[in-house]
Protein chains: 2
Amino acid sequence: MKQPRLLLVEDDPALAELLEFRFQAEGYTVLSTPDGDEALLLAAEEAPDLVLLDWMIEGTSGIEVCRRLRRDKATAHVPIIMLTARGAEDDMIRGLETGADDYITKPFSPRELIARVSAIMRRIRPALAGEQITVGDLTLDATAHKVTRKGQILALGPTEFRLLKFFMEHPGRVFSRGQLLDAVWGTDSDIELRTVDVHIRRLRKGIELEGTLDPVRTVRSAGYALEAV
Amino acid sequence: MKQPRLLLVEDDPALAELLEFRFQAEGYTVLSTPDGDEALLLAAEEAPDLVLLDWMIEGTSGIEVCRRLRRDKATAHVPIIMLTARGAEDDMIRGLETGADDYITKPFSPRELIARVSAIMRRIRPALAGEQITVGDLTLDATAHKVTRKGQILALGPTEFRLLKFFMEHPGRVFSRGQLLDAVWGTDSDIELRTVDVHIRRLRKGIELEGTLDPVRTVRSAGYALEAV
DNA sequence: GCCTTTTGTGACATGTATGTGACGATCACT
DNA sequence: AGTGATCGTCACATACATGTCACAAAAGGC
C-alpha cells in the first residue's frame with residue numbers, strides 16, 4: 001500500500017514546518033518547498049497525490065504554478081488546494097478558474113485543512129484515507145497499515161502491528177496472555193503463553209522514541225495494557 | 001465512567017461563568033481560572049483532558065501559556081483550543097504554530113464550541129473507563145486493573161488487589177480470616193490463617209495517603225471489614 | 001494492675017512472574 | 001538456491017510477590 005504524497009508550497013517557514021509536522025502525523029509523505037519553480041520540478045518528478053499551494057510565494061506566483069501544473073499532462077489531474085490570505089477573493093476566484101480544486105483562507109486550523117485534504121483524498125483514492133485510531137500520542141491507520149508516534153512513522157512487524165491495533169481498540173484495559181493470543185493470533189493457535197511477552201517486548205522496542213514513556217503497562221499476574229499516556 | 005476534565009482559561013468573568021455552566025451541563029468537570037500562571041499550575045496538577053485558552057489574559061499571555069504547556073512533558077499532548085478576538089489573525093497563526101490544535105473566534109456560540117470540544121474528545125479518548133466500584137474515597141476499575149484514592153493512583157500487589165476488590169464488593173461487611181482465604185486465595189488453599197493479617201497490613205500500607213483514615217476495620221476475634229470512610 | 005488472647009509489624013528465604021538476548025525454523029520474494 | 005525478515009521457543013537474569021516466623025503491641029477479662 002503506497003503512502004499518500006503531498007506537495008506543500010509555502011514560503012512562511014514556520015507555517016510550513018507546522019503543516020509538515022501535522023500531515024506527517026496523519027500518515028502523509030510531505031514534500032515541501034517555498035519556491036514556485038522548484039514546486040513545478042518536484043511535482044513533475046515526485047508525482048504527488050495532492051498539492052497545497054500558497055498564493056503568495058516567491059518566484060513564480062501561485063496562480064502561475066497552478067496554471068502550469070494543469071497544462072502539463074503528467075500533473076494535470078492532481079488536486080490542488082489553494083492557501084490564500086483573507087479578503088483576497090479576487091485571487092480566489094481566479095484560482096478556481098485556473099483549476100484549483102479547493103481553497104482555504106488563512107488563518108485556518110490544521111484540523112480544518114487536514115479534514116479537507118482527507119475529503120479530497122477519499123474522493124481520489126478511496127482506499128487511502130482510512131479510519132484511524134488515536135490513543136495518547138500514538139496514531140494507527142488500519143487501512144494504510146501505518147503507525148505514527150508524535151508524527152514519527154514507526155516500523156512494526158505484522159504481529160506487533162496487530163497487537164498494537166488490538167490494544168488501541170481497547171485502551172487502558174488489561175488483557176491476559178491468553179486473551180491476547182485469542183485476539184491477535186487466533187482462537188485455535190497453540191502458541192506458548194510466554195511468546196506474548198516476547199512480542200510485547202518487540203512492540204515496546206518498536207514504538208519507543210526519544211523522550212517518550214512506555215505506554216505498555218505490565219500488570220503482574222494479570223497481563224498487559226496500553227495506557228493513553 | 002470518568003468525567004472528562006476541561007481547563008478553562010478566560011478572564012472575562014461573564015463569559016467564563018457561561019461556559020462553565022454550559023460545559024458542566026454537558027457532563028464535563030470544569031477547572032476555571034482567569035490567570036495564565038495559575039492555569040499552568042492547574043494543568044500540571046489536575047491533568048485536564050483539554051484546555052480552552054483565551055488569547056488575551058492577564059499575567060502570562062496566552063501564547064506563552066500555550067508554549068509552556070507544550071514544553072512540559074506532562075502536558076505536551078493535551079489538546080488546546082484557542083479563543084481569540086475577531087481580526088487577530090497574527091495571534092492566531094502564531095498560536096497554531098505554537099501548538100494549539102484549533103481556534104475559535106469571538107463571538108462564538110457555545111453550541112459551536114461544545115461541538116468542537118466534543119469532536120476532539122471523541123478523537124482523543126475513545127472509551128477509557130470500564131466498570132468500576134466506588135466505596136468511600138476508593139475507586140477500583142477491574143478491567144483496567146487500577147485503584148485510585150482521591151484521584152491518586154495506588155500501586156497494589158496482585159493479592160492486595162484481589163483482597164481489596166473482594167472487600168469493595170461487600171462494603172461494611174465483616175469477614176473471618178477463613179472466609180477471606182476462601183474468597184481471595186481459593187477454597188483449596190492450605191494457607192496459614194495469620195497470613196491474612198500480613199496481607200491486610202500490606203493492603204493498609206498500599207492504600208494509605210496523606211490525611212486519610214484507614215478504611216480497613218479490625219473486628220477483634222472475628223475478622224476484618226472495609227468501611228466506607 | 002496482671003495475665004491471656006489477639007493482632008500489628010519487620011525481616012527473610014523462597015517461589016514465581018517478567019525482561020531480555022540468542023537461535024533455528026519458516027516464509028516470501030528474488 | 002539465496003537473501004532477509006519475521007516468528008516461536010528457549011535459557012538465563014532480574015525483579016517482585018509470597019508465606020511464614022518471631023517478636024512487639026494492643027485489647028480484653030478479672
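Lettering follows sequence order; numbering is per chain, from 1.
Contact between the side-chain N/O atoms of Arg202(B) and the OP1/OP2 oxygens of dT9(C) is not found at any separation under 4.0 Å. Phosphate contact (OP1/OP2 of dG8(C), side-chain N/O of Arg204(B), threshold under 4.0 Å): present. Between Lys205(B) and the phosphate of dG8(C), there is no side-chain N or O to OP1/OP2 separation shorter than 4.0 Å. Distances shorter than 4.0 Å separate none of the side-chain N or O atoms of Arg194(B) from OP1 or OP2 on dT6(C). Put simply, Trp185(A) has a side-chain N or O that comes within less than 4.0 Å of OP1 or OP2 on dG8(D). Note on Thr218(A): every side-chain N or O is 4.0 Å or more away from OP1 and OP2 of dT18(C).
Between Leu163(A) atom CG and dT6(D) atom C1' there is a gap of 14 Å when expressed in whole angstrom units. The separation between Glu192(A) atom CD and dA17(C) atom C1' is 15 Å, rounded to whole Å. The distance from atom CG of Leu193(B) to atom C1' of dG8(C) is 16 Å, rounded to the nearest whole Å. To the nearest angstrom, P of dG8(D) lies 11 Å from CG of Asp190(A). Leu203(B) places its CG atom 15 Å from the C1' atom of dA17(D), with the value rounded to the nearest Å. With rounding to whole Å, Asp214(B) atom CG is found 15 Å from dT7(C) atom P. Distance CD1 (Ile200(A)) to P (dT20(C)): 12 Å, rounded to an integer number of Å. In this structure, NE2 of His199(B) is placed 14 Å from P of dG8(C), rounded to the nearest angstrom.
For Arg220(A), counting side-chain heavy atoms from C-beta on, the closest listed nucleotide (dT16(C), dT20(C), dC10(D)) is dT16(C). Set against dC7(D), dT18(C), dT9(D), the side chain of Asp197(A) has dT18(C) as its closest nucleotide.
Of all heavy-atom pairs between Leu213(B) and Arg149(B), the closest is O-NH2, 2.7 Å. Across Val65(B) and Leu40(B), no two heavy atoms sit closer than the pair O-CD2, 3.9 Å.
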### Task
Mind running side chain to side chain donor-acceptor pair (under 3.5 Å) on Ser221(A) and Arg162(B) for me, showing each step along the way?
CA-CA 11 Å; Ser221(A) 78; Arg162(B) 289 200 307 275; 5.1 Å; no
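The closest side-chain heavy-atom distance from Leu7(B) to Leu52(B) is not below 4.5 Å.
In this structure, Val196(B) reaches neither bases nor backbone, as no heavy-atom distance under 4.0 Å exists between it and the strands shown. Within the nucleic acid shown, Ser221(A) comes within 4.0 Å of sugar-phosphate atoms alone, with no base atom in reach, counting heavy atoms only. At a threshold of 4.0 angstrom between heavy atoms, the contacts of Tyr224(B) are confined to the sugar-phosphate backbone, with no base atom among them. At the heavy-atom level, Val216(B) lies nowhere under 4.0 Å from the strands shown.
With hydrogens and angles ignored, no donor-acceptor pair closer than 3.5 Å exists between the side chain of Arg201(B) and the base of dG10(C).
The backbone N or O of Val216(B) lies less than 3.5 Å from a partner atom in the side chain of Arg204(B), making a donor-acceptor pair.
Nearest-nucleotide mapping onto DNA chain C: of Arg177(B) and Gly223(A), the residue sitting toward the 5' end is Arg177(B).
The six-membered or imidazole ring of Phe175(B) lies near that of Phe166(B), with a centre-to-centre distance under 6.0 Å.
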